[in-house]
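What follows is one structure encoded as structure tokens, with my remarks underneath.
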Amino acid sequence: MTSSDKDFVYGRHAGLDYLRTQDADHINKIFLQQGIKENFANEVYALAKQKGLIIQTVPKSKLDKLVQGENHQGLVLTVASFEYADLEQLLEQFANTKEDPFLLMLDSIEDPHNLGSILRTADATGVDAIIIPKRRATGLTSVVAKTSTGAIDYVPVARVNNLVQTAKMLKKRGYWLFGTDMKGTDYRQWNSNGKTVLVIGNEGKGISRLLKEQMDQMLTLPMVGHVQSLNASVATGVLLYQMLNSRNPLP
């Protein structure tokens, strides 16, 4: 979540859908643009009345500032934080229900669009949980939720204070840790069976040095073109489908 522990849902379709489906205690404020079309305004007022919520009408410039210039279409809701999973509870659950859990650890992914895309692919490939740090990384924002196209509701995301300490704890519990690097084993040779954690580094800096020291093996994606780097979400997608392939080989 953002540092202020609040986020925004904006746009006519997203805003109205949130008003229809969410409990009132999940919605902090409703901001409606002054002079908005009457039919739309009436629909917002009717939904707000059902839930006992108050609407604040404001100039367009106020909404522009709230969502930093994104296309709000005259409606912005400030909403309660997205909920994070408890990592300890997840690990206990996996110990009882899953023989070979697969976790994804993200080292300081800063772009919310990347995190949203990663969530989407994680859901598609059966990732059991994602681990992110509390500092110097994006959290579960509305941009992440929108980019994930609903996957945010299905893939548990745990936020921890220290990735290095978390990595050490996971290794003690029998997990194998695999990182990404320009120098490593070709990802096509990767066997992801067993209790596994895939670690993806920051968009620009990669995996931090201390965290890299905890890896059992480094994986690399061979590149034959002129550009020698991939977007973090694209690289993650390639590796997650290799994981799916090695765990579910064709007959």
Side-chain angles (χ1 to χ4, degrees), residues 1-9 25-26 28 66-68 70 77-95 101-123 127-148 150-173 175-181 195-216 231-233 235-236 239-240:
M1 194 58 250
T2 56
S3 60
S4 60
D5 283 334
K6 68 178 181 180
D7 204 356
F8 303 99
V9 172
D25 57 3
H26 289 170
N28 297 325
L66 284 174
V67 298
Q68 300 180 351
E70 294 286 343
L77 314 178
T78 60
V79 301
S81 303
F82 292 93
E83 292 186 8
Y84 292 93
D86 181 274
L87 181 58
E88 189 63 36
Q89 291 181 2
L90 285 174
L91 294 177
E92 290 181 8
Q93 175 188 330
F94 297 153
F102 186 94
L103 311 181
L104 182 61
M105 179 181 287
L106 305 178
D107 185 7
S108 303
I109 296 296
E110 297 173 346
D111 186 342
H113 294 93
N114 273 341
L115 180 55
S117 295
I118 289 170
L119 270 163
R120 188 174 181 178
T121 308
D123 177 55
V127 170
D128 294 300
I130 294 176
I131 302 169
I132 63 173
K134 288 184 178 179
R135 298 181 181 179
R136 295 183 294 277
T138 186
L140 298 181
T141 69
S142 58
V143 175
V144 173
K146 185 176 182 180
T147 309
S148 79
I152 196 172
D153 295 322
Y154 299 101
V155 183
V157 178
R159 200 161 58 158
V160 299
N161 288 319
N162 189 301
L163 291 182
V164 175
Q165 294 302 319
T166 300
K168 290 179 179 178
M169 176 271 290
L170 289 168
K171 291 181 74 172
K172 289 180 179 178
R173 296 191 181 205
Y175 283 81
W176 292 87
L177 273 64
F178 297 85
T180 52
D181 193 70
K195 298 165 67 173
T196 301
V197 182
L198 173 64
V199 182
I200 301 294
N202 171 272
E203 291 94 343
K205 301 175 183 177
I207 300 174
S208 62
R209 179 181 61 84
L210 293 177
L211 184 57
K212 187 180 290 187
E213 291 175 359
Q214 301 302 317
M215 299 300 105
D216 294 297
N231 173 281
S233 64
T236 305
L239 291 163
L240 290 183

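- Listed by chain and number, the residues in a side-chain hydrogen bond (donor to acceptor under 3.5 Å, both in side chains) with Asn114 are Glu203, Asn231, Ser233 (sequence neighbours excluded).
- For the pair Glu110 and Thr138, the minimum side-chain heavy-atom distance is 4.5 Å or more.
- Nearest heavy-atom pair across Trp176 and Asp216 is CA-OD2, 3.4 Å.
- Under the side-chain hydrogen bond (donor to acceptor under 3.5 Å, both in side chains) criterion, Lys195 pairs with no residue at all, not counting sequence neighbours.
- Between Val160 and Leu87 the shortest side-chain heavy-atom distance falls below 4.5 Å.
- When all heavy atoms of Ile132 and Gly139 are compared, the pair lying nearest together is CD1-CA, 4.3 Å.
- Closest of all the heavy-atom pairs between Leu140 and Glu83 is CD1-O, 4.0 Å.
- In this structure, Gly201 and Thr180 approach most closely via the heavy-atom pair N-OG1, 4.2 Å.
- Asp107 places no side-chain N or O within donor-acceptor distance of the main-chain N or O of Leu211, the cut-off being under 3.5 Å.
- With a 4.5 Å cut-off on side-chain heavy atoms, Ile109 and Asn202 do not count as touching.
- By the side chain to side chain contact (heavy atoms under 4.5 Å, CB included) test, Ala137 pairs with Pro133, sequence neighbours left out.
- Atoms CG and CD1, from Leu104 and Ile130 in turn, are 5.0 Å apart once rounded to the nearest 0.5 Å.
- Among residues two or more places apart in sequence or in another chain, the side chain to side chain contact (heavy atoms under 4.5 Å, CB included) test is passed with Ser148 by Leu119, Ala151, Ile152.
- Arg173 is linked by a side-chain hydrogen bond (donor to acceptor under 3.5 Å, both in side chains) to Glu88, counting only residues two or more places apart in sequence or in another chain.
- Ala85 pairs by the side chain to side chain contact (heavy atoms under 4.5 Å, CB included) definition with Leu90, Pro156, not counting sequence neighbours.
- Side-chain atoms of Thr196 and Phe178, non-hydrogen and from C-beta on, do get closer than 4.5 Å to each other.
- Atom-to-atom distance recorded for Ile200:CD1 and Leu239:CG is 5.0 Å, nearest 0.5 angstrom.
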I'd like a table of donor-acceptor pairs (distance under 3.5 Å, sequence neighbours excluded) in which one partner is a side-chain atom from residues 163-170, with atom names and distances.
{"from": "Thr166", "atom 1": "OG1", "to": "Asn162", "atom 2": "O", "distance (Å)": "2.8"}

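- Going from atom CE of Met215 over to atom CG of Leu198 covers 9.5 Å, rounded to the nearest 0.5 Å.
- Residues satisfying the side chain to side chain contact (heavy atoms under 4.5 Å, CB included) criterion with Asp128, sequence neighbours excluded, are Phe94, Lys98, Pro101, Phe102, Leu103.
- Nearest heavy atoms, Asn161 versus Lys134: OD1-CD, 3.1 Å.
- Qualifying salt bridge (Lys or Arg N to Asp or Glu O under 4.0 Å) partners for Asp181, counting only residues two or more places apart in sequence or in other chains: Lys212.
- The CZ atom of Arg120 sits 14.0 Å away from atom CG of Leu115, with the distance rounded to the nearest 0.5 Å.
- Every residue two or more places apart in sequence or in another chain that forms a side-chain hydrogen bond (donor to acceptor under 3.5 Å, both in side chains) with Arg209 is listed here: Glu213.
- When all heavy atoms of Phe8 and Val79 are compared, the pair lying nearest together is N-CG2, 4.4 Å.
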